[in-house]
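Model, not experiment: these values are computed from the prediction. Counting starts at 1 for both ligands and their atoms, in listed order. The chain is numbered in sequence order, starting from 1.
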Amino acid sequence: FLKRRKRWSRYPPGPSSLPFLGTMLQIDFHNPHVSFTQLSKKHGDVFSLQNCWSNLIVVNGFKAVKEALIQKSEDFADRPYFPIHEHLGYGENSAGVVLARYGHAWKEQRRFALSTLRNFGMGKKSLEQRVTEEAGFLCSAISSEKGRPFDPHFLINKAVSNVICSLIYGQRFDYDNKKFQRMLQLFEQALDEEAGFLPQLLIVVPWLLRIPGVQQSIFRAQKDVLEFTDDLVKEHRATWNPTQKRDFTDAFLQEIEKAKEHAGSSFNDNNLRMVTVDLFTGGTETTSTTLRWALLFMLLHPDIQCKVHEEIDKVIGRDRSPQMEDQANMPYTSAVIHETQRYGDIAPVGMPHMTYRDTELQGFFIPKGTTVITNLSSVLKDETVWEKPHQFYPEHFLDADGQFVKREAFLPFSAGRRVCLGEQLARMELFLFFTSLLQHFTIRLPEGQARPREDGHFATTLAPHPYQIQAAPR
Ligand code: HEM
């Protein structure tokens, strides 16, 4: 490997590596974005690492990330292959969307997912009504806390995942449904299983998975999640009428029927579970974590919360539900939501990419097949772009007249070919849930409680540490 690396004279520089482990000990895998940003100060915006014998490149700052993801989108559109996911059923034509290699199966599933989610209302009035209705359930559940201190985490999770459940399984669950609660817990545990040093080591040294008991003990929740979704599909099949499309699962089952004559199609039973789990994990944890950050920032910045309340009262009032049309007249609230995504930084290292061909980045040579980490955190907090990168400052998205301004370096959904597939849905949910919550409540720190921490806990997403709120009816 080292001989090969020496031949690439313009390969990006990086820290010196140890035998076997390479540079792995230089990274805090519970805070990788922080390690990457520190290393970029010494080695530059594009630097190289070595996880055991596997090469990776880390791209930092708006300029370099933009070149990779937008200007050379296809060169960086592939995903690295993770043998650790094989035991979950990940294979050539059953790789879901998130982890699928750049090629026919990914294109087919991405196109299908986007068009099917649109058919079921993504970006339309029908889904807007579903989200508004769910926001109503969420506000009622919060009201029933009667001003007592509580942790909003699981209530928000339930509301957000019910939107995805409606799209995928055509049903929502009551918040006290035990099966639903168990499912959400498993999803969270499954994300935790991906974080830390050990999963990273297993990615580069997959034979360690052959040690008896390793797989079972490390990926237990991920297996349980798949079994859980299998049960939901089984229930669906039992009530399925091939002439009807109730939801995403029905639409997929129809494609499986059509594809039966085509060997090698990505529409197969195994891929149905992979794709639905992708939409579930992609669509629940991210959006609900962002809303948890939003409430935390409102609690920490009562002056900002007050301005949001004033705008809601002026544009929507107290008697009707918020609608997406209101957004255009609510620059301050929109700026607060954008700033929550920027400063909350919930997907700090995005998803790993891989070079699809030999390419160049910022003048460096990057060979085909190199794993590429886009440090989105370093873009959202790029000191050359943002006026106050390390503060919660909604004015980042407002001009001198208080009008909303888009910012090019606002990339929480990443960019290019692999840009988040659910961006439109997420934006709708963030606006409708956030405005509904603040229309009904003032969020306060319960008396006698210490100021919550503002730093996050990393487990695939960067989430706030647990905190309690008091929601006073307005
Ligand atoms: C991918 C962020 C909501 C489904 C991604 C990526 C990011 C991201 C950073 C990686 C892009 C890359 O590889 O460069 C977010 C954030 C969300 C959100 C911040 C909410 C605030 C959603 C929702 C859904 C979803 C609601 C589902 C409907 C996906 C899928 C991918 C993805 C399927 C993989 C795309 C591909 O590989 O082609 N998202 N996401 N996301 N997201 Fe989201």
(message) Which of the numbered atoms in ligand 1 are under 4.0 angstrom from any heavy atom belonging to Thr290?
(response) 21 (C)

(message) So for ligand 1, is Arg110 a polar contact partner (N or O within less than 3.5 Å, distance only)?
(response) yes

(request) Carefully, step by step, assess Val336 and Phe434 under the rule side chain to side chain contact (heavy atoms under 4.5 Å, CB included). (result) CA-CA 10 Å; Val336 167; Phe434 182 68; 4.0 Å; yes

(request) Quick one: look at Leu69 and ligand 1, take heavy-atom pairs under 4.0 Å, and tell me if it's side chain, backbone, both or neither. (result) neither

(message) Taking 4.0 angstrom as the limit and counting only heavy atoms of Gln341, give me the atoms of ligand 1 inside it, by number and element.
(response) 21 (C)

(message) Quick check on the 6.0 Å ring-centre criterion: do Phe297 and Tyr343 meet it?
(response) yes

(request) Answer with side chain, backbone, both or neither: which part of Thr374 has a heavy atom less than 4.0 angstrom from an atom of ligand 1? (result) neither

(request) Any atoms of ligand 1 less than 4.0 Å from a non-hydrogen atom of Leu376? List them with their elements. (result) 9 (C)

(request) May I ask you to check whether Phe397 and His338 place their ring centres under 6.0 Å from each other? (result) yes

(request) Compute the minimum heavy-atom distance from Asp278 to ligand 1 and say whether it is under 4.0 Å. (result) no

(message) A cation-pi test, strictly: NZ or CZ of Lys107 under 6.0 Å from the centre of the six-membered ring of Tyr102 and no more than 45 degrees from its axis. Yes or no?
(response) yes

(request) Check whether any side-chain heavy atom of Val349 sits under 4.5 Å from a side-chain heavy atom of Phe458, and report yes or no. (result) yes

(message) Show the atoms of ligand 1 that are less than 4.0 angstrom away from any heavy atom in Ile346.
(response) 19 (C)

(request) Provide, to 0.1 Å, the distance between atom 10 (C) of ligand 1 and the closest protein heavy atom, together with that atom's residue and name. (result) Met351 CG, 3.7 Å

(message) When you measure from the heavy atoms of Thr289 to every atom of ligand 1, does any distance fall below 4.0 Å?
(response) no

(message) Tell me the nearest of Gly350, Gly283, Ala415 to atom 23 (C) of ligand 1, using heavy-atom distances.
(response) Gly283

(message) If only side-chain N and O atoms count, and only distance matters, is there a donor-acceptor pair under 3.5 Å linking Ser40 with Asp45?
(response) no

(request) Report yes if the side chains of Phe76 and Leu361 come closer than 4.5 Å at any heavy-atom pair, otherwise no. (result) yes

(request) Inspect the contact between Glu387 and Arg407 and indicate whether a charged nitrogen and a carboxylate oxygen are less than 4.0 angstrom apart. (result) yes

(message) Quick check on contacts: which atoms of ligand 1 are under 4.0 angstrom from a heavy atom of Val97?
(response) 36 (C), 37 (O), 38 (O)

(message) Between Gln50 and Thr23, does the side-chain hydrogen bond (donor to acceptor under 3.5 Å, both in side chains) criterion hold? Intermediate values first, please.
(response) CA-CA 5 Å; Gln50 212 189 310; Thr23 53; over 6 Å; no

(request) Would you please determine whether Arg427 falls within less than 4.0 Å of ligand 1 on a heavy-atom basis? (result) no

(message) I want to know if ligand 1 touches Arg79 in the polar sense, i.e. an N/O pair below 3.5 angstrom.
(response) yes

(message) Is it the case that ligand 1 has an N or O less than 3.5 angstrom from some N or O of Trp106?
(response) yes

(request) Enumerate the atoms of ligand 1 whose separation from the nearest heavy atom of Pro412 is less than 4.0 angstrom. (result) 2 (C), 9 (C), 19 (C)

(request) Considering only non-hydrogen protein atoms, determine which one is nearest to atom 32 (C) of ligand 1 and report residue, atom name and distance to 0.1 Å. (result) Cys420 CA, 3.8 Å

(request) Give a yes or no on whether the ring-centroid distance for Phe112 and Phe267 is below 6.0 angstrom. (result) yes

(request) Ignoring hydrogens and angles, state whether a donor on the side chain of His309 or Gln439 is under 3.5 Å from an acceptor on the partner side chain. (result) no

(message) Just to be sure I'm reading this right: ignoring hydrogens, which of His353, Gln424, Lys107, Glu429 gets closest to atom 12 (C) of ligand 1? Compare them by their nearest heavy atoms.
(response) His353

(request) Sort out for me which residue in Asn31, Asn60, Asn375 forms a side chain to side chain donor-acceptor pair (under 3.5 Å) with Thr37. (result) Asn375

(message) Pairs of nitrogen or oxygen atoms closer than 3.5 Å, one from Gly282 and one from ligand 1: do any exist?
(response) yes

